[in-house]
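See structure below.
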Amino acid sequence: MKDTNKHKGLRNQLAKIIEEKGITDLRVLEAIKKIPRHLFLDSSFEDFAYQDKAFPIAAGQTISQPYTVAYQSQLLDVKKDDKILEIGTGSGYQTAVLCMLGAKVYSVERQNELFKITSALLPKLGIRPKHLSFGDGYKGLPNHAPFDSIIVTAGAPIIPRPLMAQLKIGGKLVIPVGEKEQIMTMLIRKNETQFEKHEFGDFKFVPLLENKN
């Protein structure tokens with residue numbers, strides 16, 4: 001698992017591209033510069049790793065576009081030791097960014113094939129989420145709630161109520177909502193029953209699947 005000066009140079013270029021697209025959080029940009037995205041893809045696709053594009057991975061899923069990863073991370077405004085629930089571990093790249101930002105990450109993946117691959121990969125890269133699990137993202141992780149923030153990395157037709165319930169007061173839920181195309185949506189929990197809603201434009205994600213037995 002090599003990470004060369006060439007790779008580092010490509011990451012610096014990628015960080016510059018997403019900065020020019022509007023990412024202003026310097027800590028997020030620094031994480032993009034440090035994390036070897038090529039190691040999250042099959043080695044035969046290494047040439048695609050530092051393009052600002054989503055790319056297919058195992059189980060019919062994708063590794064998200066770096067700009068999208070940075071955008072969602074920036075919306076969360078991660079503080080050191082924030083307890084964050086991630087719905088959709090996927091390749092583990094977003095997980096790695098959150099860990100690099102100092103978060104304690106609890107992540108759920110519905111695809112068992114991906115869960116096994118990513119659970120083995122992250123420790124090899126020195127990335128240690130607090131908890132990885134195989135399960136239904138719609139249900140969240142009630143046993144570990146409440147969370148400072150929740151991030152959903154797949155498109156959901158609606159905002160799952162169990163996730164809203166697992167957010168602490170003052171916490172943020174960032175989720176792409178919609179069927180074919182999604183609107184990036186952020187809920188801020190104001191009290192036990194009220195949420196403030198913000199919308200941030202169109203994105204495209206793989207669908208969030210539910211009802212895993």
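- Here the side chains of P36 and R11 are in contact, with some heavy-atom distance below 4.5 Å.
- Scanning all heavy atoms of the two residues, the minimum distance from S133 to H131 falls at CB-NE2, 3.5 Å.
- Atom OH of Y50 sits about 8.5 Å away from atom CG of L41, to the nearest 0.5 Å.
- For the atom pair CD (E30) and CD1 (I35), the distance works out to 10.5 Å, reported to the nearest 0.5 Å.
- For the atom pair CG of N12 and CD1 of I17, the computed distance is 11.0 Å after rounding to the nearest 0.5 Å.
- Judged as a side-chain hydrogen bond (donor to acceptor under 3.5 Å, both in side chains), and not counting sequence neighbours, the contacts of E46 are H7.
- Closest heavy-atom contact between R128 and P123: NH2-O, 3.8 Å.
- Among residues two or more places apart in sequence or in another chain, the salt bridge (Lys or Arg N to Asp or Glu O under 4.0 Å) test is passed with D148 by K168.
- With K16 as reference, E20 is the one residue of Q13, E20, E19 to meet the side-chain hydrogen bond (donor to acceptor under 3.5 Å, both in side chains) rule.
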Name every donor-acceptor pair, under 3.5 Å, that has one atom in a side chain of residues 183-194 and the other anywhere in the protein, sequence neighbours excluded.
from : atom 1 : to   : atom 2 : distance (Å)
T185 : OG1    : I183 : O      : 2.9
R189 : NE     : N191 : O      : 3.1
R189 : NH1    : M164 : O      : 3.2
R189 : NH1    : A165 : O      : 3.3
R189 : NH1    : L167 : O      : 2.8
R189 : NH2    : E192 : O      : 2.8
K190 : NZ     : E196 : OE1    : 3.4
N191 : OD1    : T193 : N      : 2.9
N191 : OD1    : T193 : OG1    : 3.4
N191 : OD1    : Q194 : N      : 2.7
N191 : ND2    : Q194 : OE1    : 2.8

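- With sequence neighbours excluded, no residue forms a ring pair (Phe, Tyr, Trp, His ring centres under 6.0 Å) with F200.
- Judged as a side-chain hydrogen bond (donor to acceptor under 3.5 Å, both in side chains), and not counting sequence neighbours, S149 has no contacts.
- A donor-acceptor pair is defined here as one N or O able to donate and one able to accept, closer than 3.5 Å; such a pair exists between the side chain of Q166 and the backbone of K139.
- The backbone N or O of K130 lies less than 3.5 Å from no partner atom in the side chain of Y106, so there is not a single donor-acceptor pair.
- Residues M100 and L26 share a hydrophobic cluster, clusters being chains of Ile/Leu/Val/Met/Phe/Trp/Tyr side chains in contact below 4.5 Å.
- Here T68 contributes atom OG1 and Q94 contributes atom CD; the two are 9.5 Å apart, rounded to the nearest 0.5 Å.
- Judged as a side-chain contact (heavy atoms from CB on, under 4.5 Å), and not counting sequence neighbours, the contacts of I127 are F40, A96, C99, L122, L125, P129.
- Residues meeting the salt bridge (Lys or Arg N to Asp or Glu O under 4.0 Å) test with D202, sequence neighbours left out: none.
- Between the side chain of K33 and the main chain of K8, no donor-acceptor pair closer than 3.5 Å is present.
- Of all non-hydrogen atoms in V78 and S73, the two that sit nearest each other are CG2-O, 4.1 Å.
- Residue S91 forms a side-chain contact (heavy atoms from CB on, under 4.5 Å) with just one option from L114, I63, L121, and that option is I63.
- Checked against salt bridge (Lys or Arg N to Asp or Glu O under 4.0 Å), E179 has no partners two or more places apart in sequence or in another chain.
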For a quick test of your reading: what N or O donor-acceptor pairs under 3.5 Å do the side chains of residues 82-90 make, sequence neighbours left out?
from : atom 1 : to   : atom 2 : distance (Å)
D82  : OD2    : K79  : N      : 2.9
K83  : NZ     : H144 : O      : 2.4
E86  : OE1    : T95  : OG1    : 2.7
E86  : OE1    : S107 : OG     : 2.6
E86  : OE2    : T95  : N      : 3.4
E86  : OE2    : T95  : OG1    : 3.4
T89  : OG1    : S107 : OG     : 2.6
T89  : OG1    : V108 : O      : 3.4

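- When the side-chain hydrogen bond (donor to acceptor under 3.5 Å, both in side chains) test is applied to N112, no partner is found at least two apart in sequence or on another chain.
- V97 approaches I32 most closely through the heavy-atom pair CG2-CD1, 4.4 Å.
- Of all heavy-atom pairs spanning L208 and V152, the tightest one is CD2-CG1, 4.0 Å.
- Across every non-hydrogen atom of A15 and L29, the tightest pair is O-CD2, 3.5 Å.
- Separation of atoms CD (Q51) and CZ (F45) is listed at 12.5 Å; rounding is to 0.5 Å.
- Of the possible donor and acceptor atoms, none in the side chain of R110 sits under 3.5 Å from a partner among the backbone N and O of Y138.
- Hydrophobic clustering keeps I169 apart from L163 (ILVMFWY residues linked when any side-chain heavy atoms are closer than 4.5 Å, directly or through intermediates).
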Worksheet entry | Residues R37, V69; criterion side chain to side chain contact (heavy atoms under 4.5 Å, CB included); working and verdict | CA-CA 12 Å; R37 190 171 184 258; V69 170; over 6 Å; no

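- Note that CD of Q72 is 4.0 Å distant from CZ of F205, once rounded to the nearest 0.5 Å.
- Considering only heavy atoms from C-beta on, K124 stays 4.5 Å or farther from L39 through its side chain.
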Practice prompt. Any chance you could lay out the side chain to side chain contact (heavy atoms under 4.5 Å, CB included) test for H38 and D3, step after step, and finish with the verdict?
Written response: CA-CA 8 Å; H38 63 284; D3 186 28; 3.3 Å; yes

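- Contacts of Y71 classified as side-chain hydrogen bond (donor to acceptor under 3.5 Å, both in side chains), with partners at least two apart in sequence or in another chain: none.
- Listed for the E113 side chain is no donor-acceptor partner under 3.5 Å among the backbone atoms of Q111.
- Remark: of the listed residues D25, L98, L101, V28, L98 is the sole one forming a side-chain contact (heavy atoms from CB on, under 4.5 Å) with L76.
- With sequence neighbours excluded, the residues satisfying salt bridge (Lys or Arg N to Asp or Glu O under 4.0 Å) with K21 are D52.
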